[in-house]
Structure formats: structure tokens, C-alpha cells
Amino acid sequence: MIGILLAVDDGLLQVIPGMDAERAIDGPRMTAVDYRDGLAVAAAPGEGIWVHDDGNWEQRWTGDPSSARVGPDGAIWIGTHGAQLHVSRDRGLSWEEMEGLQNVIKHRKMVVPVGHKTPYIAGVVFPKEGELIGIAGGGAWHTRDDGRSWLEHSDGLDPMIHQLQEHPEKPDRLFATADSGVYRSDDGGFSWIQSLGGLDRSWGGSIAVLPGTPDVLLLTVARHAPGVEGALFRSPNGGVTWTRIMLGDPPPSASDSDRGAGGDEWERMPCVTRLWDTEDTAFASAGDTIWASHDKGKNWMPLATGLPPANAIVAAL
């Protein structure tokens with residue numbers, strides 16, 4: 001059991017319910033973490049990539065990652081600041097660069113995100129065919145030939161992408177968060193529709209997709225960049241409407257932290273994730289607390305408190 005992984009400003013925390021948090025990686029600021037089918041990966045900008053293999057975390061790539069994903073076939077995909085894309089098909093022991101992407105960067109005018117020196121890869125998702133990447137400042141791009149050629153798939157999408165997420169059961173249903181909110185595609189990324197109904201802020205963060213008819217979506221959103229004044233929202237209808245979530249009851253005093261720092265507003269934007277192989281279990285990191293829901297985000301209970309704010313969360317229980 002790997003547990004719940006929190007990417008924080010001074011490393012990576014591993015939390016197993018009922019036990020004290022342990023520091024899995026100490027030191028570098030972690031901003032991305034992912035897990036699928038026994039394989040976990042964590043990214044630290046300017047430092048590199050760590051892979052959890054055979055019960056241990058090992059650094060298996062050095063560089064400046066901006067995103068990290070584990071694909072359906074077990075391949076590890078790394079996006080970088082500077083918009084390079086690397087893939088490993090042997091659990092991080094060797095890497096290949098998708099060199100064709102550089103032609104996109106050279107010939108397509110892109111906007112540099114505020115606070116960054118270059119556009120960067122914000123995420124990778126896996127539609128029915130090929131791979132689709134989001135470039136912060138450059139929109140979404142799709143390849144069917146292992147990165148030799150790329151086609152832009154950004155119709156209706158804000159090019160300032162923050163994160164991408166695919167549907168766990170319907171590979172051509174994709175979601176993106178961006179400067180201007182959250183977007184949905186039902187055709188593998190060819191076209192996108194913005195979803196804002198009920199949101200009182202628009203700087204998009206993380207999104208969790210709980211499959212069903214209709215899908216339930218959990219979304220973190222902030223009022224200001226980069227993730228300032230954040231809240232957690234729920235959509236029971238696949239993104240048509242949104243309602244802000246109250247996590248537990250606020251403690252009667254600031255010193256009473258046993259029940260977690262409940263509420264519906266945080267100075268730093270929360271993070272949310274779906275338990276990778278379930279339809280109804282989700283976890284959120286808000287303030288100093290991890291919260292758990294076992295009914296698709298309707299009700300939440302504190303799972304662990306006294307933790308540092310997280311930049312990303314993933315659950316592997």
C-alpha cells in the first residue's frame with residue numbers, strides 16, 4: 001500500500017489512514033504526483049522525476065519537469081518547462097524525447113504564462129487514439145504517431161491550460177482547467193465547451209472525474225493566480241452546474257484542530273483526486289487536512305490533520 005501522496009513545498013508526504021504521515025521524499029518542492037496500477041511518479045521543478053518501484057522511491061530523471069503522468073500502458077510521461085515531452089516505457093530506467101513537438105514550439109506563436117520564462121507542458125491525457133498534451137500558453141495538441149507530428153485540438157479552449165484529465169471509462173471525454181475555468185470535450189479534444197454555471201471564481205485547479213450517469217465532477221478553483229482564495233466545487237451532472245462544497249464543520253476555535261480546518265474557503269487552493277480504481281471515493285487536501293468522501297463528494301470526513309498545504313494529491317490505497 002502506497003497510501004495518499006501529497007506533493008508539498010519541501011518534498012513528498014505519504015499518508016496511510018490511521019497512521020502518522022511519513023516523508024517519502026525530503027527536500028525538493030514537489031508540484032505533481034500520479035499513480036496507476038502499482039506505479040507512482042512525482043515531479044520536482046528544476047530537480048527531476050522520482051519513481052516508486054519495488055517499494056522504494058528513486059530519482060530516475062534529472063531536469064525541469066512541469067507535469068508527470070502514468071499512462072494506461074504503464075509508460076511514464078514527463079512534460080517540461082520549455083515544452084519538451086519525454087516518455088519512459090521501462091519504469092524510468094531510460095527515456096525518449098518526443099522531438100517532433102519542438103516543430104510546434106518553433107512555428108506556433110505562444111504566450112508565456114505569467115510568472116514563467118517559457119510555455120510549459122501542463123499535462124498529458126490519453127484519448128481513444130494517441131496522446132493529447134496541454135501547453136500552458138499554447139493550447140492542446142494531439143499525436144497519433146508517437147510524437148512525430150502534432151495537430152492542434154484547441155477549438156473553444158482557453159490556451160492558458162493548467163491541468164488535463166481524462167474520463168476513467170470513456171477515453172474520448174476529456175476535461176481541462178485553465179485561467180478562465182473548466183472545459184469539457186466529448187470528441188477526444190477536437191472541440192471544447194466551457195463550464196461555469198454556479199462557479200463564483202474561475203482560475204482552474206485540479207479536477208476529479210467520478211464516472212456515472214451522469215458523471216460527478218469535483219473541481220478546485222481560485223479567485224486569483226496562482227491559486228489564491230480557493231474553494232472546492234461539485235457538479236452532479238457532468239459539469240452543467242456547480243455547487244461549492246463545505247468540508248465538515250469549522251472548529252469552534254483556531255486551536256481546535258482535531259476535527260480538521262473545515263469550511264469552504266482557503267487562502268491556498270485545495271487539491272482533489274479520485275481513488276484511481278473506484279467510482280465513488282475521492283480525497284481532497286484543504287488547508288492542513290486531508291478529507292475523504294465515499295459517496296461521490298456529497299459528504300466528507302477528515303482523515304488526517306496537521307499537514308502542510310499540498311500542491312497535488314493522489315490516492316493509491
Side-chain angles (χ1 to χ4, degrees), residues 32-43 49 51-52 61 65-80 83-92 95-101 104 120-136 138-155 157 161-178 182-193 204 206-211 215 217-218 238-239 272-279 312 314-316:
V33 61
D34 195 30
Y35 172 87
R36 188 191 294 256
D37 199 19
L39 182 62
V41 59
I49 292 291
V51 176
H52 187 271
W61 184 81
S66 55
S67 64
R69 286 296 310 274
V70 180
D73 60 355
I76 300 173
W77 295 81
I78 299 172
T80 74
Q84 294 177 323
L85 183 65
H86 302 264
V87 61
S88 172
R89 305 186 191 280
D90 55 9
R91 306 176 79 88
W95 297 88
E96 174 189 357
E97 182 181 352
M98 303 285 100
E99 295 182 354
L101 184 58
V104 172
Y120 61 90
I121 294 180
V124 182
V125 289
F126 310 97
K128 187 177 295 183
E129 296 182 10
E131 295 82 34
L132 184 136
I133 67 168
I135 301 177
W141 295 80
H142 181 251
T143 181
R144 283 196 178 112
D145 56 11
D146 291 329
R148 289 185 291 275
S149 62
W150 295 84
L151 292 175
E152 187 172 11
H153 282 190
S154 298
D155 184 21
L157 179 63
I161 296 171
H162 297 169
Q163 289 192 17
L164 293 174
Q165 188 62 259
E166 68 271 78
H167 191 284
E169 296 176 352
K170 301 174 182 178
D172 276 344
R173 182 171 295 172
L174 309 175
F175 299 88
T177 61
V182 60
Y183 295 78
R184 169 176 166 165
S185 173
D186 287 311
D187 55 14
F190 281 94
S191 61
W192 299 83
I193 298 175
S206 54
I207 186 167
V209 183
L210 301 170
D215 300 323
L217 308 179
L218 302 172
V272 66
T273 189
R274 160 187 170 266
L275 184 57
W276 80 281
D277 58 351
T278 68
E279 296 183 355
V314 71

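This chain uses plain numbering: 1 for the first residue, then up along the sequence. In this text, all values refer to a predicted model and were calculated from it rather than measured experimentally.
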Taking every heavy atom of Ser66 against every heavy atom of Ile121, the minimum-distance pair comes out as OG-O, 2.6 Å
Within-4.5 Å side-chain heavy-atom neighbours: Pro211 and Arg274: yes
Side-chain donor/acceptor of Thr143 to backbone N/O of Ser149, under 3.5 Å: yes
Minimum side-chain heavy-atom gap Asp215-Leu210 below 4.5 Å: no
Side-chain donor or acceptor of Ser191 paired with backbone N/O of Asp155 under 3.5 Å: no
Got a second to check how far Lys128's NZ is from Asp187's CG, nearest 0.5 Å? 11.0 Å
Test item: Leu85 and Val87 side chains (from C-beta on) under 4.5 Å apart, heavy atoms: no
Quick one: closest heavy-atom pair of Ala75 and Arg89, and the distance? CB-NH1, 3.9 Å
Working to the nearest 0.5 Å, report the span between OG of Ser67 and CH2 of Trp77. 11.5 Å
Backbone of Val70 reached by a side-chain donor or acceptor of Asp34 within 3.5 Å: yes
Heavy-atom closest contact (Ala83 atom, Ile135 atom, distance): CB-CG2, 4.5 Å
Any side-chain heavy atom of Val182 sitting closer than 4.5 Å to one from Leu217? no
What residues form a side chain to side chain donor-acceptor pair (under 3.5 Å) with His86, not counting sequence neighbours? none
Compare every heavy atom of Leu132 with every heavy atom of Gly189, then report the nearest pair and how far apart it is. CA-CD1, 4.1 Å
Close side-chain approach of Leu151 and Arg144, heavy atoms under 4.5 Å: no
Between Tyr35 and Trp276, how do the two ring planes meet: parallel, tilted or perpendicular, split at 30° and 60°? perpendicular
Which atom names give the shortest non-hydrogen contact between Tyr183 and Ala178, and what distance separates them? CE1-CB, 4.2 Å
Between Glu166 and Arg69 (salt bridge meaning N to carboxylate O under 4.0 Å), is one present in this structure? yes
Counting distance only, does the side-chain N/O of Ser206 pair as donor-acceptor with the main-chain N or O of Val272 below 3.5 Å? yes
Is the backbone N or O of Ile76 less than 3.5 Å from a side-chain atom of Ser88, with the two atoms forming a donor-acceptor pair by type? no
Please answer whether the main-chain N or O of Ala140 pairs with a side-chain N or O of Ser154 as donor and acceptor at a distance below 3.5 Å. yes
Answer yes or no: is there a donor N or O on one side and an acceptor on the other, between the side chain of Trp192 and the main chain of Leu174, under 3.5 Å? no
Measure the spacing between CZ of Phe126 and CD of Glu131 and express it to the nearest 0.5 Å. 6.5 Å
First locate atom CH2 of Trp150, then atom CD1 of Ile133, and finally report the distance between them rounded to the nearest 0.5 Å. 4.0 Å
Partner set under salt bridge (Lys or Arg N to Asp or Glu O under 4.0 Å) for Asp186, not counting sequence neighbours: Arg173, Arg184
Rounding to 0.5 Å, atoms CG (Asp146) and CD (Glu96) come to a distance of 7.0 Å
Closest non-hydrogen atom pair between Val209 and His167, with its separation: CG1-CD2, 3.8 Å
Please report the interatomic distance CD(Glu152) to NE2(His142), rounded to the nearest 0.5 Å. 13.5 Å
